[in-house]
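Every heavy atom of this structure was used, including side-chain atoms; hydrogens, water molecules and symmetry mates were not.
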Amino acid sequence: MKNLERIESNANAKIKLVAKLHAHKYRKEESLFVAEGVRLVEMALAARWPMRFAFVSDNALKNPRVVKVVELLQDRECPVYQLDGDLYSKASDTVNGQGLLLVMGQRLFTWREVLSCPRGDAPLLAVLDGIQDPGNAGTIIRTADALGCTGVVCLEGTVDMFSDKVVRSSMGSIFNIPFLDNVSRSAFIDACHDNELNMIATALDKLALKHYLAEYNSPTAIVFGNEGNGISAEILEAASSKVYIPMSGKAESLNVASAAAIVLYEASRQRAIL
């Protein structure tokens, strides 16, 4: 490992920048975000996303795995700065973190990318309609990645995909699957029409099918709604079909991330049969 430049003052411009990037306003202004933790940085390296610089704490450098990651960052010509524990904690957004964070450039995807299927399968999109909880959003991204979705579409009013908590909750899947952020509902509806996507809304409705009776083998976009209000009226009106998850227990509803896992698994199961 090459010698690392030290940062000794919390007045340092990079310390101030990282601290600001925990707020949506500055992430948007700078087109940057923070990935924190050894595994996340490893996955960011594997995905070859744009990188600006990294911080590593003195204590973290006692970990051989961290040293290896730092060496990989140096090989990619990404500047790595060493900080003492107190200074690192001023930049970090986590309590008892792993002492390694990476400042990254936000990557923008296109409709062509989220619809692209390397294996030649029909596109399968997970669509977030106003989901606010970053844990839910990150978990749905992780589930979509695990179950073979071609992309994720986040409609207006959905939590910022580059927030620290979404990135952590995705467990690095945000680097694996293309996504569109802040898409207007009208633009999404037009894209479904233009690309012949079957828009399926998850909603309790008189005309809704049990989720396993729907057909997911054609090009499909499955919409999951806001935690409190569900799917927006505009999307419900435009949906080609609606599905619900039948439940035999006493719970009135499921967490949206849990519901997404169930429906996306059924879509994946149907596609694997053919």
Side-chain angles (χ1 to χ4, degrees), residues 114-115 117 119 121-155 157-159 161 166 169-171 173 176-180 183 185 188-189 191-193 195-274:
V114 298
L115 293 169
C117 300
R119 300 186 303 274
D121 299 330
L124 176 63
L125 304 180
V127 183
L128 283 60
D129 183 10
I131 290 176
Q132 288 291 294
D133 184 84
N136 285 335
T139 300
I140 293 173
I141 291 172
R142 184 181 181 186
T143 301
D145 178 26
L147 295 176
C149 290
T150 55
V152 173
V153 177
C154 303
L155 304 185
T158 298
V159 65
M161 290 295 101
V166 171
S169 297
S170 81
M171 295 298 289
S173 284
N176 296 338
I177 187 167
F179 63 91
L180 299 177
V183 177
R185 287 167 181 81
F188 169 65
I189 292 168
C192 287
H193 290 159
N195 294 282
E196 298 182 337
L197 286 171
N198 180 29
M199 189 199 305
I200 298 177
T202 51
L204 286 173
D205 184 276
K206 292 180 181 179
L207 300 178
L209 297 170
K210 294 178 180 178
H211 75 286
Y212 54 79
L213 295 179
E215 186 273 313
Y216 302 96
N217 291 300
S218 59
T220 299
I222 307 174
V223 186
F224 305 98
N226 174 271
E227 292 86 347
N229 301 317
I231 290 176
S232 57
E234 188 176 357
I235 297 299
L236 283 176
E237 184 178 347
S240 50
S241 60
K242 303 179 184 72
V243 298
Y244 72 97
I245 299 169
M247 297 183 292
S248 58
K250 295 181 180 180
E252 292 183 356
S253 63
L254 289 170
N255 169 278
V256 66
S258 299
I262 292 170
V263 178
L264 291 175
Y265 179 81
E266 175 59 24
S268 177
R269 185 195 68 81
Q270 288 189 17
R271 288 169 172 238
I273 289 174
L274 299 180

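For the pair Val243/Glu266, no side-chain contact is recorded, criterion being any heavy-atom separation below 4.5 Å from C-beta on. The side-chain heavy atoms of Phe188 and Asp129, taken from C-beta on, include no pair separated by under 4.5 Å. You'll find the side chain of Ile140 stays beyond 4.5 Å of the side chain of Val152, heavy atoms only. With contacts defined as side-chain heavy-atom distances shorter than 4.5 Å, the pair Leu155/Ile235 qualifies. Residues Glu196 and Pro219 fail the side-chain proximity criterion, which asks for heavy atoms closer than 4.5 Å. Side-chain contact between Tyr265 and Leu147: present, with at least one pair of heavy atoms (C-beta onward) separated by less than 4.5 Å. Between Pro123 and Asn195, the closest side-chain pair of non-hydrogen atoms is not below 4.5 Å.
The OG atom of Ser241 sits 9.0 Å away from the CD1 atom of Ile222 when rounded to the nearest 0.5 Å. With rounding to the nearest 0.5 angstrom, the CZ atom of Arg269 is 10.0 Å from the OH atom of Tyr216. In this structure, the separation between OG1 on Thr150 and CG on Leu115 is 6.0 Å, given to the nearest 0.5 Å. Separating the CD1 atom in Ile177 from the CD1 atom in Ile141 is a distance of 8.0 Å, to the nearest 0.5 Å. Atoms OH and CG, from Tyr244 and Leu207 in turn, are 12.0 Å apart once rounded to the nearest 0.5 Å. Distance check: Thr158 OG1 to Asn136 CG gives 11.5 Å after rounding to the nearest 0.5 Å.
At distances below 3.5 Å, at least one donor-acceptor pair connects side-chain atoms of Thr139 with backbone N or O atoms of Gly135. Without hydrogens or angle criteria, Thr220 side chain to Ser218 main chain gives a donor-acceptor distance under 3.5 Å. Formation of a donor-acceptor pair under 3.5 Å by the Arg271 side chain with backbone atoms of Ala122 is found in this model. A side-chain donor-acceptor contact under 3.5 Å links Glu227 to the backbone of Asp133. In this structure, Ser173 contributes its side chain and Asp145 its backbone to no donor-acceptor pair below 3.5 Å.
Shortest non-hydrogen contact noted between Ala137 and Met161 is CB-CE, 3.7 Å. Taking both residues in full, the closest heavy atoms of Phe224 and Leu264 are given as CZ-CG, 4.1 Å, listed atom of the first, atom of the second, then distance.
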Show which side-chain atoms of residues 197-204 pair as donor or acceptor with protein atoms under 3.5 Å away, not counting sequence neighbours.
unit_1, atom_1, unit_2, atom_2, d
Asn198, OD1, Ser240, OG, 2.4
Thr202, OG1, Val223, O, 2.7

